[in-house]
Amino acid sequence: MSLSLYNTATRSIETFKAITAGKVGIYLCGATVQAEPHIGHIRSGVNFDILRRWLIHSGYDVCFIRNVTDIDDKILHKAVHENSPWWAVAMKYERAFTEAYRALNVMPPTYEPRATGHITQMIALIERLVERGYAYAPGNGDLYLEVRKLASYLTLSGQKLDDLLPAGDADESMKRDPRDFALWKGSKPGEPSWPTPWGDGRPGWHLECSAMAHAYLGEEFDIHGGGLDLIFPHHENEIAQSQAAGYGFARVWMHNAWVTASGEKMSKSLGNSLIVREILKRVRGIELRWYLGSAHYRSMLEFSFEALEESAIAFRRIESFLQRAAEYGEVKPAISGEFKAAMDDDLAVPAVLALISGWLRAGNTAISEANTSAICDAASKIRGALEVLGCDPFDAAFTADQASVSSNKKEVLDGLIAGLLQEREEARARKDFASADRIRDRISSLGITIEDTASGPRWSIS
RNA sequence: GGUGGAGUGGCCGAGAGGCGAGGCUCGGGACUGCAAAUCCCGCUACACGGGUUCAAAUCCCGUCUCCACCUCCA
């Protein structure tokens, strides 16, 4: 069985076939860095990170491009609002995104191109579009793409040109058709601009992705991803620009659904509490990742703090098993056939969660029976799955924080608690349960949980 | 107006003609001095009305409700 993925362009699940055997080129629309990342932004990052990890595990050499759009209307507005240069605003939020990606163990892209670094490529693309007769400069400094000349325009979103409302992104009177969109915008006083053969100006919103995808992935590449809300206009316009230039562009289009709050798309009911940085005050990065990755990428994820907390507790159960299992022997992550089948089926992560539940139950039973091979078997399968999901608790990305607590401090703590536990065991042995419970209460009041197991008591920080 | 999606048990969340995903909560039980952890059992759901079929959550027709996109969107 091989990998199948849902292609928005054909609205069906197709067997994935790389253009070049063994290699996959992916372009993911990254952030327009104009505000702090919220969990919707980062869900997209996590979903496509899972795709990337699965492709890597499947043996592909993956070239993953995720852009940063660092020049755009909203950034300019924000700059005025924050009373700071537009480039400082863009940099500030780009850092916030990078930090959020890092906290959630999203692999850094192979390359992360910024729009402002690719003005040359954008101008070259426009020149090509003008030459081929698809773009025109009406003389007001703007350049537009003439969408009516493209037979395939709007095939991704399945709309008809005449049903669309006119684009409101520029002076209507200069357009040949109100649906034509701006490739390039003539400069206005006080705004950043770059020189072009048609006068100074700045890029329109969609151009950068076409230009950068072409620069790093070539005329035709395997997968283009992004949020559902980018299908129109952003991705339609990318296709329009690229195909008008004569490029094949993306073969497979993948879109992640958004995070909703009370049934509504999150950006509508924006709350500061849904900013990644704020959520990370409540749960760890690995737990937030587990939560965001747990629903199928094409399903809406209805956010609530209750669901987040519940999901985090479920994850800690898995983590706790793996920690115990590690005491029985070396656990090597392994990919089971069932796991592979689920992932190959358009990344059926929810099915994977059901598999993990089964392995977890078997593993816990094996621990109570001290069946080392069964313990390691369950733990291996779970770790193999978690690795692909980017949620392996032993991943250095997550252990780095804990490692900063120096190991000799840990030894001191272990020694102190071991002493107390020994006292408690002695009390229990002489059936002095009052004293035993007093010791346990004292330890747990410090936030340490005591569990009595067949092989003696174990402690953990709760 | 156009286009697309959704409605599943107390909650979250899969599935897409047959033999009830899974998790959480709740109830019962095992283990335990008591806890904790863990395991076992239980709680039989698919918006509504028709239809097709031996068989429908799944297909068809109709209806209701909600959400999204139609040039700021992940």
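Labels below follow one simple rule: chain letters A, B, ... track the order of the sequence lines, proteins then strands, and each chain is numbered from 1.
- For the pair A/K74 NZ and B/C72 P, the computed distance is 9 Å after rounding to whole Å.
- Side-chain atoms of A/K185 do not come within 3.5 Å of backbone N or O of A/D142 as any donor-acceptor pair.
- Across B/C69 and B/G13, the matching C1' atoms stand 25 Å from one another, rounded to whole Å.
- A cation-pi geometry, defined here as NZ or CZ lying under 6.0 Å from the six-membered ring centre and within 45° of its normal, does not hold between A/R428 and A/F433.
- Remark: B/C39 base-pairs with B/G29. Criterion, Watson-Crick or G-U wobble with two distances under 3.5 Å.
- Pairing for B/G4 goes to B/C67, judged as Watson-Crick or G-U wobble with the two contacts each under 3.5 Å.
- With rounding to whole Å, A/I313 atom CD1 is found 15 Å from B/A36 atom C1'.
- Of the C1' atoms belonging to B/U8 and B/A57, the separation is 7 Å, rounded to the nearest Å.
- Contact annotation: A/R317 reaches the phosphate of B/C24 (side-chain N/O to OP1 or OP2, under 4.0 Å).
- The closest donor-acceptor contact from the side chain of A/E236 to the backbone of A/L156 lies under 3.5 Å.
- Stacking of A/R176 on the aromatic ring of A/Y136 is recorded, both the 6.0 Å distance cut-off and the 45° axial limit being met.
- Within the structure, every pair that satisfies the ring pair (Phe, Tyr, Trp, His ring centres under 6.0 Å) test and touches residues 334-384 of chain A, not counting sequence neighbours, is listed here: A/W54-A/F339.
- Look at B/U53: it lacks any Watson-Crick or wobble partner with both distances under 3.5 angstrom.
- The distance from atom CZ of A/R361 to atom C1' of B/C40 is 10 Å, rounded to the nearest whole Å.
- Using N1 to N3 plus N6-O4 or O6-N4 for Watson-Crick, or N1-O2 and O6-N3 for G-U wobble, each under 3.5 Å, B/C72 pairs with nothing.
- Nucleotides B/C34 and B/C48 place their P atoms 48 Å apart, quoted to the nearest Å.
- Distance alone, capped at 3.5 Å, places no donor-acceptor pair between the A/S242 side chain and the A/I239 backbone.
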At under 4.0 Å between heavy atoms, how does the protein contact nucleotides 29-35 of chain B? Give one character per nucleotide, 5' to 3', with B, S or -. ----BBB
Spell out protein contact along nucleotides 7-18 of chain B as letters: B when the base is contacted, S when just the sugar-phosphate is, - when no protein heavy atom is under 4.0 Å; keep the 5' to 3' order. ------SS----
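- Nucleotides B/C43 and B/C67, compared at atom P, are 36 Å apart to the nearest Å.
- No contact: A/K160 has no heavy atom under 4.0 Å from any strand.
- For the OP1/OP2 pair of B/A74 and a distance below 4.0 Å, the side-chain nitrogens and oxygens of A/N256 include no atom meeting the criterion.
- The pair A/R284-A/E319 counts as a salt bridge, with a side-chain nitrogen and a carboxylate oxygen less than 4.0 angstrom apart.
- Taking the ring axis of A/F315 as reference, the NZ or CZ atom of A/R289 does not stay both within 45° of it and closer than 6.0 Å to the ring centre.
- Pairing for B/G62 is with B/C48, a Watson-Crick or G-U wobble pair whose two hydrogen-bonding atom distances lie under 3.5 Å.
- When rounded to the nearest whole Å, the span between CD of A/Q159 and P of B/G1 equals 16 Å.
- At a threshold of 4.0 angstrom between heavy atoms, the contacts of A/S368 with the nucleic acid are absent.
- Here A/E338 pairs with nothing under the side-chain hydrogen bond (donor to acceptor under 3.5 Å, both in side chains) rule; sequence neighbours left out.
- Take the nearest nucleotide of RNA chain B for A/D73 and for A/G158: the residue whose nucleotide is more 5' is A/G158.
- For A/S304, the side chain to side chain contact (heavy atoms under 4.5 Å, CB included) partners at least two apart in sequence or on another chain are A/E306, A/A307.
- Counting to the nearest Å, the C1' atom of B/A74 and the NE2 atom of A/H235 are 10 Å from each other.
- As rounded to the nearest Å, B/C72 and B/C66 have C1' atoms that lie 24 Å from one another.
- Within a 6.0 Å radius of CD in A/Q422, other residues, nucleotides and ligands contribute 12 heavy atoms or fewer.
- Whole-Å rounding puts the A/I231 CD1 to B/A68 P distance at 15 Å.
- The distance from atom CG of A/L156 to atom P of B/G2 is 21 Å, rounded to the nearest whole Å.
- Distance from the side chain of A/S357 is smallest for B/G23 among the nucleotides B/G4, B/A36, B/G23.
- Checking B/C19 for Watson-Crick or G-U wobble geometry (two distances, each under 3.5 Å) identifies no partner in any strand.
- Each of A/L228 and A/W258 was assigned the nucleotide of RNA chain B with the nearest heavy atom; the assignment lying further toward the 5' end belongs to A/W258.
- Annotation: B/G23 and B/C41 have their P atoms spaced 11 Å apart (nearest Å).
- The separation of B/A16 from B/G7, taken at their P atoms, amounts to 13 Å, rounded to a whole angstrom.
- The list of side chain to side chain donor-acceptor pair (under 3.5 Å) pairs with a residue in residues 77-88 of chain A, not counting sequence neighbours, reads A/E82-A/K92, A/E82-A/Y93.
- Remark: the A/K265 side chain and the B/C67 base include no donor-acceptor N/O pair separated by less than 3.5 Å.
- When the P atom is used for both B/G27 and B/G10, the distance is 16 Å, rounded to whole Å.
- Rounded to an integer number of Å, the gap from A/N364 CG to B/C40 C1' is 13 Å.
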